[in-house]
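These notes are about the structure you will find just below.
Since this is a predicted model, take the numbers as computed values, not measurements. The analysis underlying the following values was restricted to heavy atoms, covering all of them including side chains, and did not include hydrogens, waters or symmetry mates. First listed ligand is number 1; within each ligand, the first listed atom is number 1.
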Amino acid sequence: LFFTLAPASAADKPNVIVIVGDDMGYADVGVHGCKDIPTPNLDALANAGVRFTSGYVSGPYCSPTRAGLLTGRYQTRFGHEFNPAGMAQGLPLTETTIADRMKAAGYATGWVGKWHLGGGDRHPQKRGFDEAFGFLGGAHSYFPDKGKGDTVLRGTKDANETEYLTDAFGREAVAFVDKNKAKPFFLYLAFNAVHTPMHATDARLKKFEGIKDTQRRTYAAMMFAMDEAVGKVLDKLKSEKLDQNTLIFFFSDNGGPTMQGTTLNGSINAPLRGSKRTTLEGGVRVPFFARWPAQIPANKVYEHPVIQLDIAPTVFAATGIGPKVDWKLDGVNLLPHLTGQSKEPPHDALYWRFGTQMAIRKGDWKLVKYDLAAESGKGTSDTKLYNLANDIGEKSDLAAKQPEKVKELQGAWGTWNKGNVAPLWGGGKAKD
Ligand code: CA
């Protein structure tokens, strides 16, 4: 075989960077056909590796999916079902993060960006990250003089940041790579772009003056800033010759917020239906890419469903430190699937629970109960059945025609749900 998946020596250990966008629309990236916002660096990242067409996150909100990412476990396993209401709530201390395990294995670990997993004992430096730069809350002003959001920190101290925040995060990510280039490193770069507030620099707004809708224009300028920051990180890896042996993941933490009552930002989820806050595809199916030139072929499009929970076990496998059975991970190591060793789908099914909303995707089938707020003002829908193979927009409910399929999927979801616990807080009202 052409690939050896276990690193031969410490010198071969890959670097790992996980980049997260915030509240991006499914349609709003070049490789998904976006025309009004160029995203050359995200496109380059995707084209240098694999683009997942059924890339999911385990929740339709910021904090729950970040909890799932860092643990590799459905966040409903440990009560992190909703956004925390304040800094005293956050990723339960019962859970071990990717960074904890990477640090224990000798990696230099760093977090840059938005945390949204609690403060105090839940500060990133208490959860496995050697270095920390960013804010602990769920949303933040992009301009230092606009004053919305908690303090931008370096470690636990005020960073006295003066730059546009997305630019600052790009700068800090590059600095982390520079500082740690001689040893294997793990960087978690979690942008708050393109989450509200809608703040963009004048120069970038000017670039998009052809977009008449002012919210969309600002969103475009914010997206472009994030794309530029990603480009700076990619350029740095290249100039340090770390390009080949760095595994990078990129995904958005949830779908674009397109329905009233969410953090509307001008995003577009087409052809998907639904929004941030729903378990429809528009809430949980997101732009999702991975690249690792040393191991993953370029220009690959992968269509079996994957989920952000797979990132942790994939990283553990790539770095030779796991995954181990007693870590109780729900995600799976994607490498055999991406190198062609395995033709099987990584998952039998994927599952969601978000209060009274639920969903399961098994093969092309999706069973879902979703938030009706966008359509009727309140409540949760009846159970609907869609076949995503020919109905990616979830328009044609087949539940009445296929009661056996409904029963099968409902049963599988129920079995999965037995492994969940009650939410530790909240009811999904938080808007971050
Ligand atoms: Ca989000």
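A salt bridge is defined here as a Lys NZ or Arg NE, NH1 or NH2 lying under 4.0 Å from an Asp or Glu carboxylate O, and Arg77 with Asp330 meets this definition.
Seen from the Ca ion (ligand 1), atom OD1 on Asp23 and atom OD2 on Asp253 lie at an angle near 150° (rounded to 10 degrees).
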Candidate pair Phe251 and Phe289, rule ring-ring contact (aromatic ring centres under 6.0 Å, His included), full reasoning: CA-CA 6 Å; Phe251 69 96; Phe289 320 126; over 10 Å; no
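Asp22 contributes atom OD1 as its closest N/O/S atom to the Ca ion (ligand 1).
Looking only at atom types and distance, the side chain of Tyr107 has no donor-acceptor partner in the side chain of Arg101 under 3.5 Å away. Residues Thr258 and Lys276 bring no donor and acceptor atom of their side chains to less than 3.5 Å of each other.
Coordination check, Asn254 versus the Ca ion (ligand 1): passed, since an N/O/S atom of the residue sits under 3.0 Å. Among the atoms of Cys62, an N, O or S atom is found under 3.0 Å from the Ca ion (ligand 1).
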